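The chain is numbered in sequence order, starting from 1. Quick caveat, the model's predicted, so the values are computed rather than measured.
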Amino acid sequence: MRMNLTRKIIEEHLVSGSMKPGEEIQIRIDQTLTQDATGTMACLQWEAMDLPRVKTELSVSYVDHNTLQMGFRNADDHRYLRTVAARYGMVFSPPGTGICHQLHLENFAAPGKTLIGSDSHTPTAGGLGSLAMGAGGLSVALSMAGEPYSLYMPEVIKVYLDGSLAGHAGAKDIILHILMKLSVKGGTGKVLEYTGPGVADLSVPERATIANMGAELGATTSLFPADEITRNFLSSMQRISDFRELGPDQDAVYDEELYVDLSMIEPMAARPHMPDLGVPVRDLAGTGVDQVAIGSCTNSSYADLKITARILEGRKISRNTDLLISPGSKQVLKMLAEEGMLTSLLDSGARILECACGPCIGMGGSPVSGGVSARTFNRNFEGRSGTQDAGVYLVSPVTAAHIALEGAFSSPEKWGEPMPRPELPPRVPSIREQFIFPEDVDAREIYRGPNIVPLPDFEPLPDKLELPVVIKCGDNISTDHILPGGAQVTAFRSNIPAISRYIFSRLDPEFVSRAQQAGQGLILGGDNYGQGSSREHAALAPRYLGIRVVLVKSFARIHRANLVNFGILPLVLSDIRDYHRLEQGMFIRFNSADLIPGAESALEVKGLGEISVRNDLTRADLEIIKYGGLLNLVREKKKEDA
Ligand code: MIC
Ligand code: SF4
């Protein structure tokens, strides 16, 4: 069969399984990345495996999410991560160096490599031909231990890009357009592989912007070929030896196809509160905007900030609007400084923030009450900005810069001559000396402050279960809804008892006390339950509160895997009409010993009768759940081997 690029890379790394869409496969992992907010848990889990050193080609531990260090908690977490990295052979990226995905693209990602990251936007590296996937921290810890990564063989969508971008349109507008077409669940179980003549119109950072937001489609990952443009990018980064030309076979076979004419793309905005609620920017002309934020792993490259600086050069932002800019890396910031571009940004009235995630995960920069914020980020879920009643629009850097000048959305026809899209110089200043390589430091003691709390122990799943429905939620519940981000909550990422107090706090402040009172329970969800971030705390903390089953219309990939890893049964309603019959407070009874992997089974609902549910669990998944989670199973197997 003439192979697409996704299959080629998977085939090169295949450990077991057959490459039939929907079948479980295992692949070898070359690289891993973690970030601080998920990394402390990943490292605690890694330590629990008791291995001397990571077994990957490369594992990088980034600190970029919570860099505020308000009080000891955060600072303790960072020190813990630094000492774990030194001791076990990971590269450490200190706070302020940059955002994990931007840094990984610039410094470590390589065509044809497999990468697993404990962050849902890990597919950013697909922009230069890595097969990169987001996963829970425990899955990443296992990859560090040299274990193959399990996934369902995805279908591959050919996204055929034709023509070239025109006017004020940019890469962000392409992906907002695709999101509008496919929706936030349109990529579930799929890889989006980009081909066609339009690919040559896009630089690697632009491709990375598109691959990054494949996460918002729920896609397993997104992938671009490694071509001449990739070669030039790696050469600029002084990493030409990492280049390898890679592409699909001619006339490669795909499962689906989507055609996008780049010349028809216009500036787009996703309206509150979902990334797929796209509209042309011109339709929003006149809408006032209180705050503009430029940055995040989607749009914080050199080109993104240089075009922003060019638009703002010699002009002042509106008196009614704040402009916050967070560069993606010190390399980007350094280049802007060297070219005098920082002066244009500063003089315009912009605030320059640290090279970190910042406002994207609510680490400062929250909008005013009831305010409107236009952001170059990738997620606009309700409350994610830290202001529950704010409305966040997702836009490109060009659109954001014009909004900042006007204090409102305006029609692109009024923006004047489009600026040329900036290109990287042939050689950019390396920031490699900012990383702490394990070979350069002594493996010292591991530092554990009082905020590093040992992992809770979970007991195996009992056979007989009688569970109340503790909460009934709607469609597209994101992990931000389950466990909010922001400085206050994220500070407890290495402390499960403390963070569990915030589960569903924005949706239903009574949830925690109800769950605690019930002792054990079931969550009822709608479609695409658990979309968004990879934070495994959204499974781990509910498990700590006694949740045994999550029953939904459909799941998002990473969250479903996290539920299994922590011993929660993910079940799917066979008939979605039952969703409307089930209510909070009802009791569900069944025997978990009756569950057969991949089969239907019946649950008895008190007062309602029987309902039928499906599971898409493999034998291995079911074994993990029965043991009370993957760590229990790993420990048990180790005991047996000893
Ligand atoms: C996000 O963008 O939602 C995050 C914060 O980066 C998360 C990770 C986390 O919650 O720590 C993600 O995308 O996985
Ligand atoms: Fe950081 Fe935001 Fe990217 Fe998540 S989406 S990695 S919070 S910049």
Side-chain angles (χ1 to χ4, degrees), residues 35-45 48 65-66 73 77 118-120 135-141 361-362 381 383-384 451-459 461 467-468 470-471 473 477-525 529-550 552 555-556 558-570 624-625 628-632:
Q35 42 88 343
D36 52 308
T38 54
T40 47
M41 213 24 84
C43 285
L44 284 167
Q45 287 152 351
H65 276 62
N66 193 355
R73 290 193 179 88
D77 282 359
S118 60
D119 191 281
S120 64
L138 181 50
S139 304
V140 176
I361 191 205
F381 304 139
R384 179 174 161 102
N451 195 41
I452 313 284
V453 173
L455 290 166
D457 279 330
F458 293 138
E459 74 279 14
L461 185 73
L467 308 168
V470 196
I471 188 171
C473 29
I477 289 296
S478 71
T479 46
D480 278 277
H481 292 108
I482 304 170
L483 178 73
Q488 191 193 358
V489 183
T490 307
F492 293 115
R493 287 286 183 99
S494 50
N495 184 341
I496 297 304
I499 210 166
S500 67
R501 293 198 297 265
Y502 296 92
I503 292 297
F504 284 120
S505 55
R506 288 208 188 116
L507 214 61
D508 178 353
E510 306 304 317
F511 171 82
V512 173
S513 53
R514 250 191 344 263
Q516 279 169 334
Q517 230 163 31
Q520 52 176 7
L522 173 148
I523 291 171
L524 179 63
Y529 181 83
Q531 70 158 328
S533 107
S534 67
R535 64 191 72 148
E536 60 193 346
H537 307 73
L540 187 42
R543 175 70 190 82
Y544 180 78
L545 295 173
I547 296 302
R548 293 304 204 153
V549 175
V550 178
V552 299
F555 282 107
I558 305 177
H559 187 61
R560 180 208 160 279
N562 285 337
L563 292 173
V564 172
N565 281 351
F566 294 102
I568 298 181
L569 254 178
I624 293 170
I625 296 169
L630 188 50
L631 265 185
N632 287 358

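For the residue pair Ser139 and Asn565, a side-chain donor N or O sits within less than 3.5 Å of a side-chain acceptor on the partner. There is no side-chain donor-acceptor pair under 3.5 Å between Asn66 and Thr490.
A pairwise comparison of heavy atoms in Arg506 and Gly485 identifies NH2-O, 4.3 Å as the closest pair. Closest heavy-atom contact between Pro570 and Val564: CG-CG2, 3.8 Å. Closest approach of Ser534 and Thr38 over heavy atoms only: OG-CG2, 4.3 Å. Closest heavy-atom contact between Tyr502 and Gln488: OH-NE2, 3.5 Å.
For the pair Ser500/Val512, no side-chain contact is recorded, criterion being any heavy-atom separation below 4.5 Å from C-beta on. No side-chain heavy atom of Phe492 sits less than 4.5 Å from a side-chain heavy atom of His537.
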Quiz prompt | side-chain contact (heavy atoms from CB on, under 4.5 Å) between Arg535 and Met41, intermediate numbers included | solution = CA-CA 10 Å; Arg535 64 191 72 148; Met41 213 24 84; over 6 Å; no
Quiz prompt | Intermediate values then yes/no, side-chain contact (heavy atoms from CB on, under 4.5 Å), Glu536 and His559 | solution = CA-CA 7 Å; Glu536 60 193 346; His559 187 61; over 6 Å; no
Practice problem: Determine, step by step, whether Phe458 and Leu631 satisfy the side-chain contact (heavy atoms from CB on, under 4.5 Å) criterion, reporting the C-alpha distance in whole Å, the side-chain angles of both residues, the deciding distance to 0.1 Å, and the verdict. | Solution: CA-CA 9 Å; Phe458 293 138; Leu631 265 185; over 6 Å; no
Quiz item: Which is it for Ile477 and Ile482 under the side-chain contact (heavy atoms from CB on, under 4.5 Å) test, yes or no, and what are the steps along the way?
Solution: CA-CA 7 Å; Ile477 289 296; Ile482 304 170; 3.9 Å; yes
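Judged by distance alone, the side chain of Ser494 and the main-chain N or O of Asn451 form a donor-acceptor pair under 3.5 Å.
Ring planes of Phe555 and Tyr529: perpendicular class, angle over 60° (limits at 30 and 60°).
Results of the side-chain contact (heavy atoms from CB on, under 4.5 Å) test with Leu563 over Ile547, Ile523, Val549, Val550 single out Val550 as the only residue that passes.
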